[in-house]
S.K.: 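What follows is a single structure, and I will ask about it in a moment.
Both ligands and their constituent atoms are indexed starting at 1 by order of listing.
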Amino acid sequence: YRGYPIEQLAENSTYLEVAYLLLNGELPKADELAVWEKTIGSHAMVHESVRQFLDGFRWGSHTMGMLVSVLGAKSTFYPDSRNISSPELMELHTARLVSKVATVAALCYRHSRGLPYIYPDASLGFCENFLNMLFNSPNTKYEPNPILVKALEVLFILHADHEQNCSTSTMRGIGSSLADPYSSTAGAAAALYGPLHGGANEAVLKMLMEIGDVKNVPSYIERVKSREVLLQGFGHRVYKHYDPRASIVKQTANEVFEVTGRNSLIDIAMELERIALEDDFFVSRKLYPNVDFYSGIIYQAMGLPVDMYPVLFAIPRTAGWLAQWKEMMHD
Ligand code: SDX
């Protein structure tokens, strides 16, 4: 990102530092980071009437469908967000979106499960606050495990931006008509929803659940070779070699499984990767695991439901979408 190796950022930075880097071109100095963190914390609340939007969704609704809808609706709360020519206003709405996308995501999750909403807590870090809004409950004290918080920071950093992919191009396309940033972000999130893009991590889990047992892996591989099915989480428009993000996510996965314990889906995923990395069908087509292959099994191990995976992708990618939108508007 902006000339910094992704490995270095994943190791040494927080997601908010990386979001600042993407949006401003440099990593924040200590005083700049303090202001940025305070700003993001101050924008985490959403208008209470957002609850009424959510009430319109049947419980069990797909959280990504809800997120796309509510992000678009947020444009109606800020009429001045249509004043695209004001850099000050666009900075304000950029900070609002980076912050509120996590709150809206948590609200969608809680509503889809019929759980009471948990308000943001500005005293917590971005990722800790997000996990708290997802998993805290009025009748238990939730303490996020620091290893899981760090894993989420790394996953958010890795998913924050990535060239001119489908959703980023959508953000630029909608933004080029001078639509407000909320409407542009809602459109980008809709593009990310698809299983060929951000919905791939959800498709990976569905594939692993369909395979069901390591002994069924060879027959699934045969179905892939006969072009009956895709090997979800493999291949990439750009990377025709091992995606550098995938190796970081794989390392993070092992750290998470130390805390959560392994399960059969992880064993199936490892066997799929082992076969794919040596089988000529995949090697000749330069098909390697992409960032979505492992992120899905980490989220599953962390207790997150499958429909939330594209939502978890959209949260950090909002910073990347806005950075690219800002570049288009001002460069
Ligand atoms: C992301 O742009 C980005 O950077 C996106 C992303 C980001 O951070 O924003 O990195 C995140 O979207 C990663 C991709 C997530 N999607 C999936 O994992 C879905 C499964 N992958 C495929 O749908 C596919 O690999 C794509 C869509 C990702 C890429 O498609 P391409 O560019 O058409 O693949 P290719 O040209 O490299 O394909 C070469 C061959 C073809 O077969 P032949 O016609 O040559 O015989 O490989 C085949 C393809 O049919 N192929 C696959 C395959 N992906 C490609 N065969 C089986 N399983 C797959 N997953």
S.K.: For ligand 1, is any non-hydrogen atom under 4.0 Å from Asp243's backbone (N, CA, C, O), its side chain (CB onward), both, or neither?
M.R.: neither

S.K.: Just one of Tyr193, Phe57, Tyr309 clears the ring-ring contact (aromatic ring centres under 6.0 Å, His included) bar with His62, so which one?
M.R.: Tyr193

S.K.: Can you tell whether the side chains of Arg172 and Glu327 come within less than 4.0 Å, N to carboxylate O?
M.R.: yes

S.K.: Have a look at ligand 1 and work out which part of Arg317, if any, has a heavy atom under 4.0 Å from it: side chain, backbone, both or neither.
M.R.: side chain

S.K.: May I ask you to check if ligand 1 and Leu231 share an N or O to N or O distance below 3.5 Å?
M.R.: yes

S.K.: Measure Leu196 to ligand 1 on non-hydrogen atoms and call it side chain, backbone, both or neither using the 4.0 Å cut-off.
M.R.: both

S.K.: Report the member of Phe293, Phe234, Tyr288 with the shortest heavy-atom distance to atom 20 (C) of ligand 1.
M.R.: Phe234

S.K.: Taking the six-membered ring of Tyr109, is NZ or CZ of Arg113 closer than 6.0 Å to its centre and within 45° of its axis?
M.R.: no

S.K.: Are His93 and Tyr78 an aromatic pair by the rule of ring centers under 6.0 Å?
M.R.: yes

S.K.: Kindly indicate whether the side chain of Asn254, heavy atoms from C-beta on, has any atom under 4.5 Å from the side chain of Arg262.
M.R.: yes

S.K.: Which ligand 1 atoms are under 4.0 Å away from a heavy-atom of Pro195?
M.R.: 19 (C)

S.K.: With a cut-off of 4.0 Å, which atoms of ligand 1 are near a heavy atom of Ala200?
M.R.: 15 (C), 16 (N), 17 (C), 18 (O)

S.K.: Among protein heavy atoms, which sits nearest to atom 40 (C) of ligand 1, and what does the distance come to when rounded to 0.1 Å?
M.R.: Arg285 CD, 3.8 Å

S.K.: How does Lys240 reach ligand 1, by side chain, by backbone, by both or by neither, if only non-hydrogen atoms under 4.0 Å count?
M.R.: side chain

S.K.: Which option, His197, Arg237, Glu228, owns the non-hydrogen atom nearest atom 32 (O) of ligand 1?
M.R.: Arg237

S.K.: Taking only heavy atoms of Gln232 into account, list the atoms of ligand 1 that are under 4.0 Å away from them.
M.R.: 19 (C), 20 (C)

S.K.: Taking distance alone, with no angle check, do Leu287 and ligand 1 share an N/O pair under 3.5 Å?
M.R.: no

S.K.: Which is closest to atom 11 (C) of ligand 1 by heavy-atom distance: Thr168, Asp292, Asp161?
M.R.: Asp292

S.K.: If we only count heavy atoms from C-beta on, is the Glu26 to Arg2 side-chain gap below 4.5 Å?
M.R.: no

S.K.: Is the ring centre of Phe234 less than 6.0 Å from the ring centre of Phe293?
M.R.: yes

S.K.: Please state which part of Arg245 comes within less than 4.0 Å of ligand 1, counting heavy atoms only: side chain, backbone, both or neither.
M.R.: side chain

